[in-house]
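This report refers to the structure that appears directly beneath it.
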Number of protein chains: 2
Amino acid sequence: MISILYLLQIMNVQQYLIENGVKPSLQRIALMEYLLTYKTHPSVDEMYEALHEEIPTLSRTTVYNTMKLFVKHKVASLVSIEEKNARFDGNVSLHGHFACQKCNRLYDFSINDQLFNKKELISTLDNFTIEDIQIYCKGICKNCK
Amino acid sequence: MISILYLLQIMNVQQYLIENGVKPSLQRIALMEYLLTYKTHPSVDEMYEALHEEIPTLSRTTVYNTMKLFVKHKVASLVSIEEKNARFDGNVSLHGHFACQKCNRLYDFSINDQLFNKKELISTLDNFTIEDIQIYCKGICKNCK
DNA sequence: CCTTATATTTGCAATGATTTCAATTTTGTA
DNA sequence: TACAAAATTGAAATCATTGCAAATATAAGG
């Protein structure tokens, strides 16, 4: 799995955004930093609550807009486990998500490339353009049992 | 992949519901039949629109309640590709979903057990209770290209 | 440094899916 | 038929998300 944190050590968030075609505003940098620092797969509301002290003028709409932009430029991915409450992830490499139905936490799990062969798995989708693959599980996590 | 349609040939929907602990009311039978006949992964609204001519008193709330009941008794599964608009599937065996971002259609695709080994895949989730696994892709389908 | 054009942010109102809830209807049983 | 329990219903409430137009910030040219 590619470590985004490793990338952070060699370049700052501002550069990371620029290199992916996103103009780095104050709000965008703060949001990207939040995604990469806390890997809690936050919802729009969580990010808004966490950052509007630091940035008092921050608007929920800006968080929505920015996440849409991030996903478009592939510096974040949309994790849609729940019907509502979209969550976001700054780790854009292939990995699975486990959603605990008790504590509502979202865990990452690694996917062995040998076990999960993209190309062969989707061979039944001939002539389809795949833009995103997601694997997720629901259940009860270790801590909640 | 286990064929639910094969099951339908040897037992009717009413019996299928009873055997899974769901009391077969008029509404529940109609909804289960709809799920098994049209495999379009319908939304609550689609089912409501399709059935409220046949059952004029049908309420959206009943469709919501019934889907919740079906999922609980594992005769339907919740397919949450979109952030909103939950969709449902009467095929409860393991298979993948592909969502076309143009026509909004939802396609099934089979998953080769040899390629996708549940137990090994989730070995990183030690002591987690897995209740549901979903694999889905987004992109553009054959017809929309 | 000022002016103008462009991009971004903001807050409020609107939308729309889902849930809540109490009343009504249906079903099962004596 | 009468009664109790379960299922259904519709209207109101909730809440995440989107649309939009005004306000603000940024960039470029003179």
Side-chain angles (χ1 to χ4, degrees), chain A residues 13-14 17-18 20-34 41-73 75-88 99 101 104 106, chain B residues 13-14 17-18 20-34 41-73 75-88 99 101 104 106:
Chain A
V13 172
Q14 194 164 340
L17 290 177
I18 290 169
N20 285 279
V22 176
K23 267 193 196 165
S25 69
L26 180 74
Q27 292 86 341
R28 291 171 182 177
I29 290 169
L31 284 163
M32 194 72 239
E33 261 170 0
Y34 189 87
H41 311 85
S43 66
V44 165
D45 228 60
E46 275 157 14
M47 289 183 272
Y48 172 77
E49 289 300 335
L51 294 174
H52 85 129
E53 237 180 272
E54 185 187 329
I55 306 169
T57 63
L58 184 67
S59 150
R60 250 171 261 264
T61 306
T62 300
V63 184
Y64 279 106
N65 291 342
T66 305
M67 285 309 119
K68 195 166 276 180
L69 191 74
F70 281 3
V71 170
K72 185 179 160 197
H73 288 268
V75 289
S77 60
L78 168 61
V79 184
S80 41
I81 298 285
E82 310 291 321
E83 312 84 75
K84 292 183 182 178
N85 287 61
R87 301 220 205 161
F88 298 89
Q101 289 171 315
N104 215 30
L106 208 53
Chain B
V13 172
Q14 193 163 339
L17 290 177
I18 290 170
N20 285 279
V22 176
K23 265 192 199 165
S25 70
L26 179 76
Q27 291 86 342
R28 290 172 182 175
I29 290 169
L31 284 163
M32 193 73 238
E33 261 170 359
Y34 189 88
H41 312 84
S43 66
V44 165
D45 228 61
E46 274 158 14
M47 288 184 271
Y48 173 78
E49 288 300 335
L51 294 174
H52 85 129
E53 235 180 273
E54 184 186 330
I55 307 171
T57 63
L58 184 66
S59 151
R60 250 172 261 266
T61 306
T62 300
V63 183
Y64 278 106
N65 291 342
T66 305
M67 285 308 119
K68 196 165 276 181
L69 191 75
F70 281 2
V71 170
K72 185 179 160 196
H73 288 269
V75 290
S77 60
L78 169 62
V79 184
S80 42
I81 298 283
E82 309 291 320
E83 312 83 72
K84 291 183 185 180
N85 288 62
R87 301 224 205 158
F88 298 89
Q101 290 172 314
N104 215 30
L106 208 53

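Lettering of chains follows the sequences in order, A, B, ..., and the numbering in each one begins at 1. Note that this is a predicted model, so its numbers are computed, not measured.
When the ring pair (Phe, Tyr, Trp, His ring centres under 6.0 Å) test is applied to A:Y64, no partner is found at least two apart in sequence or on another chain. Remark: A:V22 engages A:L17, A:R28, A:L69, A:F70, A:H73 in a side chain to side chain contact (heavy atoms under 4.5 Å, CB included) (not counting sequence neighbours).
We find that NZ of B:K68 is positioned 19 Å from P of D:dA6, with the value rounded to whole Å. As a whole-Å value, the separation of B:M67 CE from C:dT19 C1' is 16 Å. If you measure from atom CG of B:D45 to atom C1' of C:dA17, you get 8 Å, rounded to the nearest angstrom. D:dT24 atom P lies 17 Å from atom CD1 of A:I55, rounded to whole Å. When the P atom of D:dA27 is taken as reference, atom CD1 of A:I18 falls 10 Å away, rounded to whole Å. Rounding to whole angstrom units, CD of residue A:Q14 and P of D:dT26 are separated by 12 Å. Remark: P of D:dT17 and CG of A:L69 are 17 Å apart, rounded to the nearest angstrom. Nucleotide D:dT9 holds its C1' atom 14 Å from the CZ atom of B:R28, rounded to whole Å.
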Can you give the donor-acceptor pairs under 3.5 Å from side chains of residues 47-62 of chain A to other protein atoms, not counting sequence neighbours?
from: A:S59; atom 1: OG; to: A:T61; atom 2: N; distance (Å): 3.0
from: A:R60; atom 1: NH1; to: A:D45; atom 2: OD1; distance (Å): 2.3
from: A:R60; atom 1: NH1; to: A:D45; atom 2: OD2; distance (Å): 3.4

* **Protein proximity profile, nucleotides 22-30 of chain C - base contact B, sugar-phosphate-only contact S, no contact -, cut-off 4.0 Å on heavy atoms** => ---------
Dump the pairs, protein N or O against N or O of nucleotides 10-12 of chain D, anything under 3.5 Å, distances to one decimal.
from: D:dG10; atom 1: OP2; to: B:T57; atom 2: O; distance (Å): 3.4
from: D:dG10; atom 1: N7; to: B:S59; atom 2: OG; distance (Å): 3.4
from: D:dG10; atom 1: N7; to: B:T61; atom 2: OG1; distance (Å): 3.3
from: D:dG10; atom 1: O6; to: B:T61; atom 2: OG1; distance (Å): 3.3
from: D:dA11; atom 1: N6; to: B:T61; atom 2: OG1; distance (Å): 3.3

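Summarising the geometry, atom CG belonging to B:L78 is positioned 10.5 Å from atom NZ belonging to B:K68; distances are rounded to the nearest 0.5 Å. Atoms OG1 and CE, on A:T66 and A:M32 in that order, are 11.0 Å from each other to the nearest 0.5 Å.
Within 4.0 Å (heavy atoms only), A:N65 reaches at least one base atom of the nucleic acid. Nucleic acid contact for B:T62: base, since at least one base atom lies under 4.0 Å from a heavy atom of the residue.
A close approach under 4.0 Å does occur between a side-chain nitrogen or oxygen of B:Q27 and OP1 or OP2 of D:dT9.
For B:Y64, whose side chain is taken as the heavy atoms from C-beta onward, the closest listed nucleotide among D:dA16, C:dA17, D:dA7 is C:dA17.
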